[in-house]
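The structure presented is a predicted model; accordingly, all values stated were derived computationally and were not measured. The chains referred to below are lettered A, B, ... by the order of the sequence lines, with proteins before strands, and numbering in each begins at 1. Just the heavy atoms: all of them, side chains too, but no hydrogens, waters or symmetry mates, feed the values below.
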Amino acid sequence: MNWDQLFFLRHEILLSLLIVFELVADLSDSSARQSLVNTTIVLFAGLTVAGFIPLANEASLFGGMYASDDLRILLKNILNVSTLVFLLQSAGWLNQSQNSYKTGSFYLLLFSTLLGMYLMICAGDFIMLYLGLELATIPLTLLAAYDHNLRRSAEAGIKLLMSSAVSSAVMLFGLSLMYGIYGSLHFSEMSQQGAMGGSLGVLALTFFIAGLGFKLSLVPFHLWTADVYEGSPLPVTMYFSVVSKGAALFTLMLVLYRVFGQFTGVWSLLSYALAVLTMLIGNLFALRQKNLKRFMAFSSITQAGFMMLGFVNPEALGMNTIIYFMLIYSFSNLAVFGVLSIIHNRYGKEQIEDLNGFYKTNPGLSLILLLALFSLAGIPPVAGFFGKFFLFTAAASRGLYFLVLIAVLNATISLYYYLLVVKAMFINPNDQPLPAVTLTGAERLALVLCVLGIVVIGFMSSIYGYIQTVVG
Amino acid sequence: MDYAYTLWILTLPVAMFLTIGLSGDRLKSNAAGILGTAGLAVIAALSWFTAFSYFGSGLPESGFQPVIAAQTTWLAFTETLVIHLGILLDPLSVMMLVVITTVSLMVHIYSLGYMHGERGYNRYYAFLSLFTFSMLGLVVATNIFQMYIFWELVGVSSYLLIGFYYEKPSAVAAAKKAFIVTRFADLGFLIGILLLSFNTGTFDFAALNDMSGSAIAQPVTTVFMGLSVSTWAMLLIFMGGAGKSAMFPLHIWLPDAMEGPTPVSALIHAATMVVAGVYLVARLFPVYHFAAPDSLEVIAWVGSFTSLFAAVIACTQLDIKRVLAFSTLSQIGYMMVALGVSGYGDEGVGYMASLFHLFTHAFFKALLFLGAGSVIHAVHSNLMTDMGGLRKYMPLTHLTFLIACLTIAGVPPLSGFFSKDEILVAAFEHNKVIFAVQWFVAGLTAFYMFRLYFNIFWNSDPHYHHTPHESPPTMTGPLLFLAAASVLAGFVPFHDFVTTDGKPLETEFHTLVAVPSVLIGLAGIALAWWMYARKNSRPESVAQTLHGLYSAAFRKFYIDELYLFITHQLIFRFISRPVAWFDRHIVDGTMNLIGNTTVSVSVAIKKMQSGELQWYIWYFTSGVLVLTLILLYLN
Amino acid sequence: MNPLLYLLIIPGLTVAGITLVKDMKQVRLVAAVGMSLQLLWSFVLLYWFYQLRAAGHTEEMLFVSSTTWYEAFNIQYKFGVDGVSMAMILLTSIVTFAGIFASWQVAVLTREFFISLIILAGGVFGFFISLDLFTMFLFYEVAVIPMYLLIGIWGSGPKEYSAMKLTLMLMGGSALLMVGLLGIYFNSAPDGGPLTFDLTEIARIHIPRDAQLFFFPFTFVGFGILGALFPFHTWSPDGHASAPTAVSMLHAGVLMKLGGYGCFRVAMYLMPEAAHELAWIFLILTTISVVYGAFGAIWQKDLKYINAYSSVSHCGLVLFALLMMNETATTGAILQMISHGLMTALFFALIGMIYGRTHTRMIHEMGGLMKVIPFLSVVYVIAGLASLGLPGLSGFVAEMTIFVGSFQHTDTFHRVATLVAASSIVITAVYILRVVGVLLLGPVKNEHFHELKDALWFEKLSGVTLVVSIAAIGLAPLWLSNLIREPLGQMLHHLIN
Amino acid sequence: MNLQSEIPLEYMIVLSTAVFFIGLVGVVIRRNLITMLMGIELMLNAVNINFVAFNHYLFPHRLEGHFFALIVMAIAAAEAAVAIALIINIYRKFSTVSVDDVDELKY
């Protein structure tokens, strides 16, 4: 092994170091923990920046188990940026007295999942992918149950663990069949062979997609989502809906496009069905929600449905638009959750009706939330519009206009419930709206980053151009 | 000859309208009146000058030729269908200019006294100017679309003036009715224009009336419901005319229009605007005659029926202005009959007679209305039951009113005699039935006019609260002028000037027609004298005898009720209301239903998220299996 | 820099200015100054446009500039105007200008109100100058979405319901539209070569017939919903009724025109064959719209509902005329858009001003206003007369052009439809005069009305601007008609062949 | 070695599938969280059977299947550890380990 090759692993190595740091720091006394949050953010910011250093990226390590290229680096960087914003936004929660003693372990678990996601993305075979997936899942169940004095948090943890265990069992069953068909679990070897296994192959592929679809919360694999999102601490919910979902999406994308190129007929058809189901069910459930976290859960299910639109196009265009959409979705969702967590940390409120009259006292936050919701709904000129439009373009380029029609109609339905939140903030009268808040530096920085992301990404075509060149 | 100065005839009234209208209350009310009147005097002078120079330039070989005094493109629809705004001078329009400006001037002067002290005096003069402008624009139109434009403007000025007393609900209702009825007729007019212009590719009167133009030379003979398309077009255009001229069954607005100030009734609803229909048919007469002779037949019968119908009603009405209004209907019916029975060229007596009657009628009817106004001014009532014996109090009014009544009754040598006689001659030569009807109507006319006259000026005194007095000179002056005009207008050699082809027409005196018509007129006067000159019970007993006819005529043959039924019951209740309901409940309901269905589906499926982990796992695995099976089936 | 871009920059700067200044008075001052500049600039552009045309620039579009935006999809910032869009720009700036003054007294969240309003207007300007389907669509949605807040926050009555309904229906329309646009895009290079969103380029190529037949209804209905096409018009009565004054003005006056403009410029222009084959369906719908809207208006009791239904009728006439597909009728359609825009904006402005005084919009609760607030009443009558097509005001010009043009169609079906549509002028007269009679004339119905104040200076300014525009078009229509007609020849040539 | 000739691969697959679904049924119908966990273990083991069997029968020259089975076992153990911790947590909050009672988050 060449030492140069360590550069290809820079994300993983730095993150591992960070994990070790957290482990050590967690042992120290409580006064050090106070500064741990800030230190971690700074260190992670360093990691994020380091991730962007342009170095040679094309590599295959450990006998092909680990692969790296520009695309994967980009995907990891997207996750890093999201995580950085997430860290900034969760700082307030961690600084609360009842949480501060467990800061170190929180970060420990968190970075472990992130490492798992890196591995999922950079997997060169299914073993690595599975390893990464479990690494990204099991600590998350603990995070979901992190509010150890809340019943709902405990419930969220167990629900997530049990259902994810079943889903990974199903996925593994599919992989085992795949192994039986191909005799290999290496991506490079599998992709070179044609479609094999006939019906068994279809079955195996479906099982595999179901496993990742679970993480991505596609209907009908989504049922855990709402409960876990609602039960988990708010920062964890945010992490679920953005980083965890992003990693699952990217992994699914890489595997389908890069490995199962021979099965495009199958998985694009499956994506069609999943897209329709997911958008529709997500919307129908989101309509009624009163709790913002639960609301955002169904919203993110719907958004996952939109993401599946990209998968019906097995060409590069599909990949481009998926990545682009995910990027925008991350910023939008982070912005929404950022505002929600600011409210939650201060007032412990998380119902939509609690937002009534919010604009009167907090115009800035309301506007940010408005922009973010519009972005999720796909309203120009914020970036969400571009993301959605291009996804629809990807679907339409396959001639699937009916699917596009269903999708745009669903986008209209989704606008309805996003507007309900807007309505609460701007229109509903309230004598005692939540008082004005003063933002901490971290929160401010996080929101600025999000707003920049929401507003700028759409107009800067170079970002899409970059994704396009990276995908190739 | 350069007639460019005629442009002032159109621009002056606009200028006056804008000045008076925009200055609002800043202008002292007398100033508005004087400004308006002075402006109109100038316009009248210009019109007279135009008439003298046009007719006085001597008769050319080929008859009087139309002159385009000015023209500008207003709007171009296609290359050929262009709306010009221009001034067309030919015998017809020049004659109309004179009539309109003269009567209008008289009305302006009269109004100085009549409207004195009224609220909205300025507004009144502004509207009058607007009307004058529109009416003048109408008569000098070079093309049918310009005519339509001014036609509408005339309609709206009529609306504004009828509704002048806008705080009075009946005036508002009358104005609305007038506008909507004529608007409905104008729809016909518009469709007629569309048909005609589509077939001929032009709006221009010159091109339309051209003997070799496509309107006349190549009428569209495609038959639609028994009549050729050209006939339909011309009939629809006539419908517009019938609306404005209040021909049956579009007459219902005119009696109600008497809600307006009386001078307005004199100007618009007696002398000028209501004859626009006649003018329209006359303007397109060659097309009617050559391309759509059937439509002329219709016009004749409509005119004839209207004149009879209105005359019968006029015999029963108590409101003096309404009597005059029905009389106007009847007289316009005469004009229509004359046009309907007319031939072209040497046989164009009817045409000439019609316009002659228009000319004389304008004066004597304006006189009647202004006289009535003078009476109303003195008595403060419109009902003849509140009047009587006024000859003692208002000698000038009495005298002029008597002259007018004699004129309209066709007593020679007053002008009405000449013009009505020509009409009867034309009818006699064309159709004996129509002639008989018109002859009978002549008698009725004399009867109801003198019924009016005797009831106002003779009969017994109904104990006035204030002693009535003669009107001021600003009012009696115009009365005297118009009386003179009524007397003298018959001697104008009309047949030399206004004929179908611009060439003089030889007319002869038909004793066979003239004598009976004078006789029946005198008989009518005598009957009226017998019944109304003194207070007695004869009118009641006659009414008792003819009970059914009397009450039907008194209620205007229930036409208003019929219209009310059609509009309120049928259109409002059975179309508009269902439409509104349909929109709220079906169309909108569907949209709401979509929304509500979505929500109820959302509620219905919420059990899926039961909160029970094992169900989730069950959905997950069965979902995987079902999807696999579907995929396998599809592959 | 492209002079058209100032049409976007000025609103942008105005919005920025509004965020910076302190109080309500300054906010509205900045808004007024900004929109006056915009109006001025529109006139400058118009003059410039004439100059260029006079100088022999005969290209289809003037002031064209294009910058590649999304290379991958061949999306460009491409701007340019022809006579039609020039006319629409003029309309928009006039109505916006009047709208600012009509909302001079918005006291709640003034800053936000003007910002939303100007964003809306900016979206409309962007839409009219765009030559790229993508940017066009983008601006379309930018223009539509502020409506939700504008109605929801500053509206009255069941404002939340109305705002939601309006937004969802219009967005549903844009959903259809999106399918249509994508369809056009993917058929924009039937012979190979790069796909494009560029309107002028797509117009040059021939989209395959099957594709046209499939996508035309999506595009037409998508835009048609905004143009109040029956039976998709029901957002309009509720929406208008609940919206605040300036919003109704802008919405009915300008935003609804996006529908008609889009139907023409996108649906029909790019898919002429389908337009020909499917026109009859939409012709029936629009004919229904015209008559139905008018009948619907008769029965209404709320001033805004009356006007909303009348808008359905008048906007129906726009689409109706477009579907006739000849030069005159199309000119009429565009004229009607402008005329209706000005007229209905005036109506809504007046309704708002009257409501602000009497606190009711039910016609039966009012009466005799002519006596107490003569200025507003007279202007209302003028608006009414314009609406029922009085010569000398803009409505007449537009309607006559439409009827004459439509009647030039040689097909009996089209001509019969024209006659049916023409009959609406009578029904229009009925409901207009009914309102005028009940509302303005007659005795003063309520004692309190005697204390009402007539229009204030900004209300007068707003009203007079619109009345002058209406009269200017009505009195001298030729320049506008020619301005509109000039590009149509070329476009319709494309449509007819 | 003659195991291979005596027991065909199909049997193995049938076995593993059966075990998988037995495990699944266990997860779905048993109320006790611990029992459910056992069901999951069964499912994972079914997978392991597959991997090992495929490796052994079809691709004996490479050991990927075996490795994968080992890793699955390791992860299953980790998962079980976390699961037990969470179940204890549930027991502390709900005083029960019956999954039926853990349904407060719903709709």
(message) Return the CD1 to CZ distance between C:Ile75 and A:Phe389, rounded to the nearest 0.5 Å.
(response) 6.0 Å

(request) Measure up the C:Tyr70 and A:Tyr324 rings against each other and bin them: parallel (under 30°), tilted (30 to 60°), perpendicular (over 60°). (result) perpendicular

(message) Let me confirm one number: the CH2-CZ distance from C:Trp69 to A:Phe386, rounded to the nearest 0.5 Å.
(response) 3.5 Å

(message) Counting neighbours of CD on A:Glu315 that are heavy atoms of other residues, nucleotides or ligands and sit closer than 6.0 Å, is the number greater than 12?
(response) yes

(request) For chain C, find its close neighbours in residues 458-472 of chain A: heavy-atom separation under 4.5 Å, sorted by number, or none. (result) A:Gly458, A:Phe459, A:Met460, A:Ser461, A:Tyr464, A:Gln468

(message) Please classify the contact of C:Glu160 with chain A as side chain, backbone, both or neither, using a heavy-atom distance under 4.5 Å.
(response) side chain

(request) Compare all side-chain heavy atoms of A:Ile427 with those of C:Tyr148 and state whether any distance is below 4.5 angstrom. (result) yes

(message) If we define contacts as heavy-atom pairs under 4.5 Å, which of C:Thr68, C:Val179, C:Leu176, C:Leu109 has the most with chain A?
(response) C:Val179

(message) Only pairs of heavy atoms separated by less than 4.5 Å count here; which of A:Ala395, A:Pro381, A:Ala396, A:Gly399 has the most with chain C?
(response) A:Ala396

(request) State, to 0.1 Å, how close C:Phe186 and A:Thr393 come at their nearest heavy-atom pair, and which atoms those are. (result) CZ-O, 3.3 Å

(message) Under 4.5 Å from any heavy atom of chain A, what part of C:Tyr185 do you find: side chain, backbone, both or neither?
(response) side chain

(message) Can you tell me how far apart CZ (A:Phe392) and CE (C:Met178) are? Round to the nearest 0.5 Å.
(response) 5.0 Å

(message) Quick check for you: to the nearest 0.5 Å, what is the distance between A:Leu400 atom CG and C:Leu182 atom CG?
(response) 11.5 Å

(message) Can you tell me which portion of C:Phe218 sits under 4.5 Å from chain A's heavy atoms? Options are side chain, backbone, both or neither.
(response) side chain

(request) Could you tell me which residues in residues 404-416 of chain A have at least one non-hydrogen atom under 4.5 Å from a non-hydrogen atom of chain C, sorted by residue number? (result) A:Val404, A:Leu405, A:Val408, A:Leu409, A:Thr412, A:Leu415, A:Tyr416

(request) State, to 0.1 Å, how close C:Glu141 and A:Gly378 come at their nearest heavy-atom pair, and which atoms those are. (result) OE1-O, 3.7 Å

(message) Would you say that more than 12 heavy atoms from the other residues, nucleotides or ligands in this model lie under 6.0 Å from the OH of C:Tyr6, or not?
(response) no

(request) Give the intermediate values and the outcome of side chain to side chain contact (heavy atoms under 4.5 Å, CB included) for residues A:Tyr359 and C:Ile153. (result) CA-CA 11 Å; A:Tyr359 181 73; C:Ile153 299 177; over 6 Å; no

(message) Using 0.5 Å steps for rounding, measure from the CG atom of A:Asn320 to the CZ atom of C:Phe73.
(response) 7.0 Å

(request) Would you mind checking which part of C:Leu168 comes under 4.5 Å of any heavy atom in chain A, side chain (CB onward), backbone (N, CA, C, O), both or neither? (result) both

(request) Using non-hydrogen atoms and a 4.5 Å limit, figure out which bit of C:Leu181 sits close to chain A: side chain, backbone, both or neither. (result) neither

(request) Measure the CZ-CD distance between A:Phe426 and C:Glu112 for me, rounded to the nearest 0.5 Å. (result) 8.0 Å

